Amino acid sequence: MKYAMLGMLLGCGLSLCLDFGPLAVAGDANSVDASIRRLISAVDSERMSKHVFYLAKDPLPYRKLNLTLPGHEKNTLYETDDYLTGKLESWGYRVEREGVQVQAFRRDTSKRKQEQYSPPKPEDPWYTAYNLYAEKKGRSHPDRIIVVLAHKDSPSWIDSPGAYDNAIGTAGVLEMARVLAQYNCESTIRFLWCNEEHTPWTSKTAAQKAKARGDHIVAVFNLDAIGGKPAEQTAAGKKINVTAYTKPEGKRLAELMSEVNTRYSIGLEQRMVERQQPGDDDGSFVLAGYPAAVINIGSWPYGDPNYHAEGDIPEGCDIKNAAMTVQATLAAIVTLDREL
Ligand SMILES: [Zn+2]
């Protein structure tokens, strides 16, 4: 009965669907293709731009636990959490918060600008940072989980707005959640906003708890600094995405990014690289035992001249590039969702 209804929703006749069975319906190439094209075309770079300016300029210049704006009750990272939660709830999601104890990094000005974060001292204050989760339950394979994540905090040791790092990935995952709100997924799609500019990284808790629960995570896409690249490449109008993987299972996801970029004429210069060791928030999942984890990023090695500096502002972001990366990631996720 469930499968017959699924067939009717997809617009084919009842007897035809009963003949083909559920897997053929879920994976029907033409309907999958059509739904992916529809979803891609719904990605709105204007909306992403509004999120980035809201989260990295006005009203929130930063997103950190150790900075509360004058006259405000909550710190700027908690205000970020409220903003994301409000958007997600307006699209029908229930948002779950997972608290993790963290500290701000100290700053070591003897190091180069990009690497001035340094370990906190034990007496430095502790804060509760939250992982935010929103989820779409899969209707035929709810136990099969695809994770798409972004760290939402800005550098805790310096006053950098972190527009590329990582208001833009935060906005990208938010836009994916909006576009997928009405999509009927077969697998479960889990959206996660974590924190990587305070210590320890809260993606470690997210990944370790998933493993302890026995979650069957088949893919992890980390969106961090999407579209961020050297100034001359931005000036030349280049639209680039690099998918970096650690394990063979991640390489398969990188190949899929390349396939969908071509199949749906997204127009990215799409590259893949192998990381020498697990890193960033995708690395937290690799280390917890989920090898199918990758990062999508605008350059490798990362080439934004304002990386971890005060000049990482929304006006410097190539939002069109970032939106194309969101389109490709969305296409990869839906392809995986239907690949049963
Ligand atoms: Zn960073």
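Here the structure is a predicted model, which means the values were calculated and not measured. When reading the values below, keep in mind they use all heavy atoms of this one structure, side chains included, and skip hydrogens, waters and symmetry mates. Note that ligands are numbered from 1 as they come in the structure, with each ligand's atoms numbered from 1 the same way.
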Please list every donor-acceptor pair under 3.5 Å in which a side-chain atom of residues 292-301 meets a protein atom from a residue at least two apart or in another chain.
unit_1	atom_1	unit_2	atom_2	d
N296	OD1	N241	ND2	3.1
N296	OD1	T243	OG1	2.7
N296	ND2	T329	OG1	3.1
S299	OG	G228	O	2.8
S299	OG	G303	N	2.9

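- Shown here are the protein N/O/S atoms lying under 2.8 Å from the Zn ion (ligand 1), water excluded: D165 OD2, E197 OE2, H308 NE2.
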Determine whether Y83 and Y54 satisfy the following criterion, ring-ring contact (aromatic ring centres under 6.0 Å, His included), listing intermediate values before the conclusion. CA-CA 9 Å; Y83 177 75; Y54 189 102; 4.0 Å; yes
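- Contact check on R37 versus D33 returns a salt bridge, with a Lys/Arg side-chain nitrogen under 4.0 Å from an Asp/Glu carboxylate oxygen.
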Only distances under 3.5 Å count here; give the side-chain donor-acceptor pairs of residues 86-95 to other protein atoms, sequence neighbours excluded, each with its distance to 0.1 Å.
unit_1	atom_1	unit_2	atom_2	d
S90	OG	K87	O	2.6
Y93	OH	A177	O	2.6

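- Taking the six-membered ring for Trp and the full ring otherwise, H151 and W201 have centroids separated by 6.0 Å or more.
- For R144, the salt bridge (Lys or Arg N to Asp or Glu O under 4.0 Å) test picks out no residue, with sequence neighbours left out.
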